[in-house]
Amino acid sequence: MKAKKLSLLTLLLSLMLVLSACGANAGDAQKPDDKASQEVSQNESKAAEQAEPKPAEKADEKAEAKDADTVVITDMNGREVEIPTPDKLKKVYYEAPIGEVMVYTVDPSRMGGLVSTLNDKQKKYMPLAKDLEVIAPFNSKGAGFNTEEILASGAQVYIHMGPMGMTEKNAKAADEMQDKLKIPVVVVDGTFPQRAEAYRFLGKIFDVEERAEMLAQYCEKTYKEITEKAEAIPDDQRVRLYYAEGPEGLNTDPEGSAHSAIFKYAGAKNVADVELKPGVGMTPVSMEQILEWNPDVIFMGQMKDNPYEKIMNEPQWKNIKAVQDGRVYMAPNMPFSWIDRPPSSQQYLGIKYVANTLYPEVFDFDLTKETQEFFKLFYQVEISEDEANELLSAAK
C-alpha cells in the first residue's frame with residue numbers, strides 16, 4: 001500500500017515538472033530574444049544612415065556644383081546661352097571696335113586679340129593691349145566675319161555688340177553666328193543710354209562686378225547730368241548741328257542714329273533730314289542739301305581723311321553759317337574719337353566736350369580734370385595735366 005502511494009506521488013511530481021517546463025517554453029516563445037532585437041535595431045539604423053547623406057557627402061555635392069564648367073545666362077537680347085563659368089572663361093572675341101573697347105575697359109585680361117591695329121599713340125593709353133595681335137580684322141563695310149580667324153583667337157565666347165537695339169532680328173543674327181562658330185554668342189546692348197547696363201552685364205559674366213559697377217555709375221552720372229541740363233534749354237535756343245563724315249564731309253547720320261547720339265543728348269538739333277542707314281551709317285548727302293539746312297555748327301570726329309580742312313577752305317562751304325561764324329569743330333581722338341567710330345566708352349568723355357563746346361554758358365566742365373579722371377578710371381592710366389591738355393589740343 002505504501003509502495004502504491006509513493007508511485008502515485010512520484011507520478012504527480014513528474015506531471016507538475018512537465019507542465020512547468022511547457023509554460024516556460026511558451027513564455028519564451030512570446031518574449032523576443034534580446035540579441036535578435038538588437039540586431040534588428042542596428043539594421044534599421046544602418047538603413048536610415050544610408051537614406052540620409054552624411055555631412056561629407058553633402059559637402060561633396062556642393063563642391064561638384066561649385067566646380068561646374070558652364071552656366072546658363074540670359075544675354076541682353078533675352079537669349080538663353082550656356083557659357084563657361086567666370087573662372088573657366090579665359091578669352092572672348094568681338095566683331096567690332098565697340099566690343100573691343102568695352103572688354104578692354106572692364107577686363108583686358110579676357111581679350112583674345114584686336115580687331116584693328118593700334119598705333120604707338122593709342123598703345124600709350126591702352127598699354128594692356130600692346131602685345132595683342134589683330135586676329136579677325138574689323139570690316140566697316142559689314143562683309144561678315146571669318147570663322148577660322150575668330151576661333152584662332154582662342155575665344156570661348158563671342159561678344160556680339162554694336163550700336164544697335166535689342167530686336168528679334170538681332171537675336172536671330174546671333175543664333176546664326178552661333179551655329180557657324182560652334183561657340184556661344186552673347187549679345188550685348190551697345191546703344192549709348194544702355195552702356196551702364198552693358199558694363200554690369202560684362203562684369204557679371206567676367207566676375208569683376210565691383211569694377212564694372214564703377215564704370216556703370218560713371219556712365220549713369222554723366223548721362224543724367226548732361227541730359228537734365230540739355231532738356232532745360234529752350235527749343236528756340238538749341239544749336240542746329242550738322243555731323244560731317246567722310247573725306248568730303250558729304251556723309252552724315254541723322255537723329256536717331258547711334259553714331260550721332262551724343263549730339264542729341266547734349267541738346268543739339270540734328271539738321272540732317274535723311275533716311276537712317278543701318279549698320280555703319282554714313283548716309284550720303286549733297287552739298288545742296290547742306291546749304292539748304294545751313295547749320296549753326298558743324299562737328300566731326302578725327303577719322304582718317306577727315307573733312308575739316310575742306311570745310312574750312314573750299315568755296316562751296318563758305319556760305320554756310322557755321323563756317324562764316326567759325327563754329328566748325330573736330331573732336332579729340334585718343335585713343336579713339338571722342339564722338340563716334342567706335343561709339344564706345346570714350347563717348348562719355350566726348351559728350352562733356354561737345355556739351356561744353358555747344359553751350360559753354362550751361363556746361364562748365366574742367367575738361368583737363370575730366371580727361372585725367374576718365375583715363376584713370378576707364379583705361380587705368382594716370383596722365384598729367386600737360387598730357388590731358390595735349391589730348392584736348394588735338395581738337396580744332
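Just so you know, residue 1 is the first one in the sequence shown, and it goes up from there.
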#### Entry: side-chain contact (heavy atoms from CB on, under 4.5 Å) assessment of Tyr329 paired with Val354
CA-CA 9 Å; Tyr329 304 103; Val354 169; over 6 Å; no
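Tyr104 places no side-chain N or O within 3.5 Å of a backbone atom of Gly99 that could act as its donor or acceptor partner. A donor-acceptor pair under 3.5 Å is absent between the side-chain atoms of Arg110 and the main chain of Val103, judged by distance alone. For the pair Asp253 (side chain) and Gly281 (backbone), a donor-acceptor distance under 3.5 Å is absent. Panel note: side chain Glu100, backbone Leu114; no donor-acceptor pair is recorded below 3.5 Å. Looking only at distances, a side-chain donor or acceptor of Thr222 sits under 3.5 Å from a matching main-chain atom of Tyr218. Remark: the backbone N or O of Phe365 is paired with a side-chain donor or acceptor of Asn356 at under 3.5 angstrom. With hydrogens and angles ignored, the 3.5 Å screen pairs no side-chain donor or acceptor of Ser257 with any backbone N or O of Pro254. A donor-acceptor pair under 3.5 Å is formed between the side chain of Gln289 and the backbone N or O of Ser286. Arg240 places no side-chain N or O within 3.5 Å of a backbone atom of Ala268 that could act as its donor or acceptor partner. In this structure, Thr191 contributes its side chain and Pro193 its backbone to no donor-acceptor pair below 3.5 Å.
A single hydrophobic cluster is seen to contain both Val185 and Ile98, as judged by linkage of ILVMFWY side chains at heavy-atom distances under 4.5 Å, directly or through other members. Under the 4.5 Å side-chain heavy-atom criterion for Ile, Leu, Val, Met, Phe, Trp and Tyr, Leu391 and Tyr353 are members of the same hydrophobic cluster.
Ion pairing between a basic and an acidic side chain is recognised when a charged N comes within 4.0 Å of a carboxylate O; Lys269 and Asp235 show such pairing. Ion pair Arg79/Asp175 flagged as a salt bridge, since at least one NZ, NE, NH1 or NH2 atom sits closer than 4.0 Å to an Asp/Glu carboxylate oxygen. The pair Glu220-Lys224 does not meet the salt-bridge criterion, since no charged nitrogen lies less than 4.0 angstrom from a carboxylate oxygen. Taking 4.0 Å as the cut-off between side-chain N and carboxylate O, Arg200 and Glu197 count as a salt-bridged pair. Remark: Glu209 does not engage Lys204 in a salt bridge, criterion side-chain N to carboxylate O under 4.0 Å.
In this structure the side chain of Ile311 reaches within 4.5 angstrom of the side chain of Val323, judged on heavy atoms. Thr357 is listed as a side-chain neighbour of Phe299, based on a closest heavy-atom distance under 4.5 Å. Counting heavy atoms from C-beta on, the side chains of Ile205 and Leu202 come closer than 4.5 Å. By the 4.5 Å heavy-atom criterion applied to side chains, Cys219 and Tyr348 are counted as neighbours. Counting heavy atoms from C-beta outward, Tyr242 and Val285 have side chains that approach closer than 4.5 Å. Using a 4.5 Å heavy-atom threshold, the side chains of Ile150 and Thr147 count as separate. With contacts defined as side-chain heavy-atom distances shorter than 4.5 Å, the pair Pro127/Val381 qualifies. The shortest side-chain heavy-atom distance between Trp317 and Val328 does not fall under the 4.5 Å cut-off.
Distance check, rounded to the nearest 0.5 Å: NZ of Lys229 to CD of Glu231 gives 13.0 Å. Distance check, rounded to the nearest 0.5 Å: NZ of Lys123 to CG of Asp131 gives 8.0 Å. Lys318 contributes atom NZ, which lies 12.0 Å from atom CG of Asn313 (distance to the nearest 0.5 angstrom). Atom-to-atom distance recorded for Glu288:CD and Leu291:CG is 7.0 Å, nearest 0.5 angstrom. The CZ atom of Phe336 sits 5.5 Å away from the CG atom of Leu118 when rounded to the nearest 0.5 Å. Here the straight-line distance linking atom CD of Glu255 with atom CG of Leu241 works out to 10.5 Å at 0.5 Å rounding.
Under the side-chain hydrogen bond (donor to acceptor under 3.5 Å, both in side chains) criterion, Glu370 pairs with Lys352, not counting sequence neighbours. Here Pro234 pairs with Asp236, Gln237 under the side chain to side chain contact (heavy atoms under 4.5 Å, CB included) rule; sequence neighbours left out. Looking at residues two or more places apart in sequence or on another chain, you find a ring-ring contact (aromatic ring centres under 6.0 Å, His included) between Tyr125 and Phe375. In this structure, the ring-ring contact (aromatic ring centres under 6.0 Å, His included) partners of Tyr265, at least two apart in sequence or on a different chain, are Phe192, Tyr223. Here Gln347 pairs with Arg195 under the side-chain hydrogen bond (donor to acceptor under 3.5 Å, both in side chains) rule; sequence neighbours left out. For Lys396, the side chain to side chain contact (heavy atoms under 4.5 Å, CB included) test picks out Tyr308, Glu309, Met330, with sequence neighbours left out. Take Pro84 and apply the side chain to side chain contact (heavy atoms under 4.5 Å, CB included) test, not counting sequence neighbours, and it matches Lys88, Leu89, Gln156, Val157. Ser384 is linked by a side chain to side chain contact (heavy atoms under 4.5 Å, CB included) to Asp386, Glu387, counting only residues two or more places apart in sequence or in another chain. Scored by the salt bridge (charged side-chain N to carboxylate O under 4.0 Å, His left out) test, Glu390 finds no partners at all (sequence neighbours excluded). Tyr243 pairs by the ring-ring contact (aromatic ring centres under 6.0 Å, His included) definition with Phe263, not counting sequence neighbours. With sequence neighbours excluded, the residues satisfying side-chain hydrogen bond (donor to acceptor under 3.5 Å, both in side chains) with Gln217 are Glu213.
Enclosure of atom CG in Asp364 is not indicated, since only 12 or fewer non-hydrogen atoms of other residues, nucleotides or ligands lie within 6.0 angstrom. Heavy atoms of other residues, nucleotides or ligands lying less than 6.0 angstrom from CD of Glu385 number 12 at most. The number of heavy-atom neighbours closer than 6.0 Å to CG of Asp273, taken from other residues, nucleotides and ligands shown, is 12 or below. Other residues, nucleotides and ligands contribute at most 12 non-hydrogen atoms within 6.0 Å of the CG atom of Asp120.
The two residues Leu358 and Arg327 have their closest heavy-atom pair at O-NH2, 3.6 Å. In terms of heavy-atom proximity, Arg211 sits nearest to Leu377 at NH2-O, 2.8 Å. The nearest pair of heavy atoms linking Ile339 to Gly301 is CD1-N, 4.2 Å. When every heavy atom of Phe363 is checked against every heavy atom of Ala230, the shortest pair comes out as CZ-N, 4.0 Å. Closest of all the heavy-atom pairs between Val274 and Thr252 is CG2-CG2, 4.3 Å.
Tyr199 and Ser345 share a side-chain donor-acceptor pair at under 3.5 Å. Judged by distance alone, the side chains of Glu82 and Thr70 do bring a donor and an acceptor atom under 3.5 Å apart.
Residue pairs that meet the side chain to side chain donor-acceptor pair (under 3.5 Å) test with at least one member in residues 158-171, sequence neighbours left out, are Asn77-Asn170, Glu95-His160, His160-Asn170.
The aromatic rings of Phe378 and Phe374 sit parallel, their planes meeting at an angle under 30°, below the 60° perpendicular limit.
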